[in-house]
Number of protein chains: 2
Amino acid sequence: MKHNRKEEIVIVAAKLFKEKGYSAVSMRDIAQQMDIKAASLYNHIKGKQEILSSLVLHVAREFTNSTQTITSQDGTALQRLKKLIEVHIDITLHHADAIAALNNDWMHLDGQDLLDFIAMRDQYEENFRNIIKQGIQTQQIKAKEPEVILFSILSTLRTLYLWNEKRGKLEVNVLKKELVAVLISGIV
Amino acid sequence: MKHNRKEEIVIVAAKLFKEKGYSAVSMRDIAQQMDIKAASLYNHIKGKQEILSSLVLHVAREFTNSTQTITSQDGTALQRLKKLIEVHIDITLHHADAIAALNNDWMHLDGQDLLDFIAMRDQYEENFRNIIKQGIQTQQIKAKEPEVILFSILSTLRTLYLWNEKRGKLEVNVLKKELVAVLISGIV
DNA sequence: CAGTTTAACTAACAATCGTTAGTTTTGTAA
DNA sequence: TTACAAAACTAACGATTGTTAGTTAAACTG
């Protein structure tokens, strides 16, 4: 099956991208990690760009779909926000390496892929922003600057992939509970 | 003065590094942005590595020194935490581009520079961690998992450089006040 | 077993990389 | 104006980059 081998390449590449970034990883680096020669990679993929766009767009779509689902179902702003945080944690734990590329290497996407990514990212943020605004309107959330709240929560969620390793003993459900509590109720 | 020209190079390079990352920016890119040829850069700097280490180590030292100062002065954990957030905001607003490199390109440092950076980063995190633990002991801070609190606040602060541009109208002191409130007291 | 596809290989390409050497221009001080 | 230093230039280097062409060995399919 071609698919398996291609997926292997993407997974291996993601690990390397996470450590050094897209530009600092050569096709020969990726090949070496798979115990083949660089030219052999091209039996399975079109080029380096395809590896990146496979990685980034796939996980970007997951985020976009999840957010759409949450905002289409009913629930208070706070319930939605909690769900959003939990979903973000789930996706991060399943695709830690891909999320590194999504965070740090998206700007190396080309042409339509780049436009698609930016559109998805903007839509995701807009959904997030609307939930917060809704929460402020219904007075579930303090009337702080919405952008500060959005930025604060989103920063934490986006960097979660880095802390996933250190997490170690912390159970997923405990992590969810603690993080939801800290982000929503603060620390005092 | 040699110093001025070298600083110009570092500033220009920082802006490019922020957009595409250290590895994706060539010496020719930097030179072009300064309207000179790449070879001319070497009249002022030793090489590409020196640009990176100037950028990263300088601002890393600022963070380390500020944290040391805060922990050496007396004050409750919460007062220290507040001060730490404010100082972090100040440094970020003054060195937004350098912080991009510090966050994303530190792994491309070489030899002793890399070791020095890691040591400073670890020390910074350890100081931060101790303040939080102190706060939990004195019951100023909720008895949540310290690592989750540390990770959450630090993620937000480290990503602040990205939101600095969008901040736009938001006054520095307003930003400080809002962010301190959100990070410490939560949003409900 | 024969025929065909899959996936590896070697070799090489044009482009670009960081950097060096040697030279010329520019600016300043006597 | 002459002398010197600073800072630009041209040209080129060896290494590495992503990628292609052509070939060979292994693995299915009839």
Side-chain angles (χ1 to χ4, degrees), chain A residues 1-57 100-101 104-114 117, chain B residues 1-57 101 104-114:
Chain A
M1 295 289 159
K2 228 178 186 179
H3 282 288
N4 284 340
R5 202 69 173 135
K6 175 177 171 180
E7 275 175 29
E8 267 188 73
I9 294 174
V10 172
I11 289 171
V12 165
K15 238 168 239 163
L16 295 176
F17 291 167
K18 183 181 177 187
E19 284 171 17
K20 306 198 297 174
Y22 175 77
S23 301
V25 174
S26 71
M27 295 300 278
R28 286 166 180 83
D29 290 334
I30 299 170
Q32 193 175 39
Q33 204 71 26
M34 300 196 64
D35 282 314
I36 58 177
K37 300 292 174 181
S40 306
L41 294 170
Y42 290 83
N43 286 319
H44 309 282
I45 52 158
K46 276 197 270 184
K48 199 184 177 189
Q49 275 287 327
E50 199 196 12
I51 299 179
L52 183 64
S53 63
S54 291
L55 263 176
V56 172
L57 293 185
N104 304 319
D105 292 318
W106 61 267
M107 72 285 281
H108 299 117
L109 287 170
D110 255 9
Q112 191 59 44
D113 287 340
L114 179 59
F117 171 80
Chain B
M1 296 288 157
K2 227 176 187 180
H3 282 288
N4 286 339
R5 202 72 173 132
K6 175 177 171 181
E7 275 175 27
E8 269 188 72
I9 293 173
V10 171
I11 290 171
V12 165
K15 238 168 240 162
L16 295 176
F17 291 167
K18 183 181 176 187
E19 285 171 16
K20 305 198 296 174
Y22 175 77
S23 301
V25 174
S26 70
M27 295 300 277
R28 287 165 180 85
D29 289 334
I30 298 171
Q32 192 175 39
Q33 203 72 25
M34 301 196 65
D35 281 316
I36 60 176
K37 300 291 174 181
S40 306
L41 294 171
Y42 290 81
N43 285 319
H44 310 282
I45 53 159
K46 276 197 270 183
K48 199 184 177 187
Q49 275 286 328
E50 199 196 12
I51 300 179
L52 183 65
S53 63
S54 293
L55 263 176
V56 172
L57 293 185
N104 305 319
D105 292 316
W106 61 267
M107 71 286 281
H108 299 117
L109 287 170
D110 256 8
Q112 192 58 44
D113 287 339
L114 179 60

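Within every chain, numbering begins at 1; the chains are lettered A, B, ... in the order of the sequence lines, protein sequences first and strands thereafter.
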J.: Quickly work out the A:Met34 CE to C:dC9 P distance and round it to whole Å.
T.: 11 Å

J.: From CD1 of A:Ile30 over to P of D:dT16, roughly how many Å is that when rounded to an integer?
T.: 17 Å

J.: In whole Å, I'd like the distance from the CE atom of A:Met27 to the C1' atom of C:dA15.
T.: 16 Å

J.: Tell me: OH of A:Tyr42 to P of D:dG18, nearest whole Å?
T.: 7 Å

J.: Any side-chain donor-acceptor pair under 3.5 Å between A:Asn43 and A:Ser40?
T.: no

J.: When you get a sec, tell me which of C:dT19, D:dT20, D:dT17 is the closest nucleotide to the side chain of A:Arg28?
T.: D:dT17

J.: Report the C-alpha distance between A:Trp106 and A:Leu114 in whole Å, list the side-chain angles of each, state the deciding distance to 0.1 Å, and finish with yes or no for side chain to side chain contact (heavy atoms under 4.5 Å, CB included).
T.: CA-CA 7 Å; A:Trp106 61 267; A:Leu114 179 59; 3.9 Å; yes

J.: Does the side chain of B:Ile36 reach to within under 4.5 Å of the side chain of B:Arg5, using non-hydrogen atoms?
T.: yes

J.: Is there a donor-acceptor contact under 3.5 Å from the side chain of A:Asp113 to the main chain of A:Ser53?
T.: no

J.: For the helix from C:dC1-D:dG30 to C:dA30-D:dT1, measure the angle between the helix axis at one end and the axis at the other, each built from five pairs, rounding to 10°.
T.: 20°

J.: Using whole Å, what does the distance between atom P of nucleotide C:dG27 and atom CG of B:Asn4 come to?
T.: 16 Å

J.: Is there a donor-acceptor pair under 3.5 Å between the side chain of B:His44 and the backbone N or O of B:Glu7?
T.: no

J.: Can you see which heavy atom on B:Asp29 is nearest to which on B:Ala24, and at what distance?
T.: OD2-O, 3.8 Å

J.: Can you measure A:Lys20 atom NZ to D:dT16 atom P for me and round it to whole angstrom units?
T.: 12 Å

J.: Give a yes/no on whether any side-chain N or O of B:Ser26 is located under 4.0 angstrom from OP1 or OP2 of C:dC17.
T.: yes

J.: For B:Glu50 and C:dT19, what is the distance between atoms CD and P respectively, to the nearest whole Å?
T.: 10 Å

J.: Tell me the interatomic distance from A:Gln49, atom CD, to D:dT17, atom P, rounded to whole angstroms.
T.: 17 Å

J.: What distance separates B:Lys18 NZ from B:Leu55 CG, expressed to the nearest 0.5 Å?
T.: 12.5 Å

J.: If the plane angle is over 60° it's perpendicular, under 30° parallel, otherwise tilted; pick one for B:Tyr22 and B:Phe17.
T.: perpendicular

J.: I'd like a table of atom pairs between the protein and nucleotides 8-11 of chain D - only N or O on both sides, under 3.5 Å - with the distance next to each one.
T.:
| residue | atom | partner | partner atom | Å |
| --- | --- | --- | --- | --- |
| D:dA8 | OP1 | B:Arg5 | NE | 3.0 |
| D:dA8 | OP1 | B:Arg5 | NH2 | 2.8 |
| D:dA8 | OP2 | B:His44 | NE2 | 2.6 |
| D:dA8 | N7 | B:Asn43 | ND2 | 2.5 |
| D:dC9 | OP2 | B:Lys37 | N | 2.5 |
| D:dC9 | OP2 | B:Ser40 | OG | 2.9 |

J.: So, do B:Lys48 and B:His108 sit near enough that their side-chain heavy atoms are less than 4.5 Å apart?
T.: no

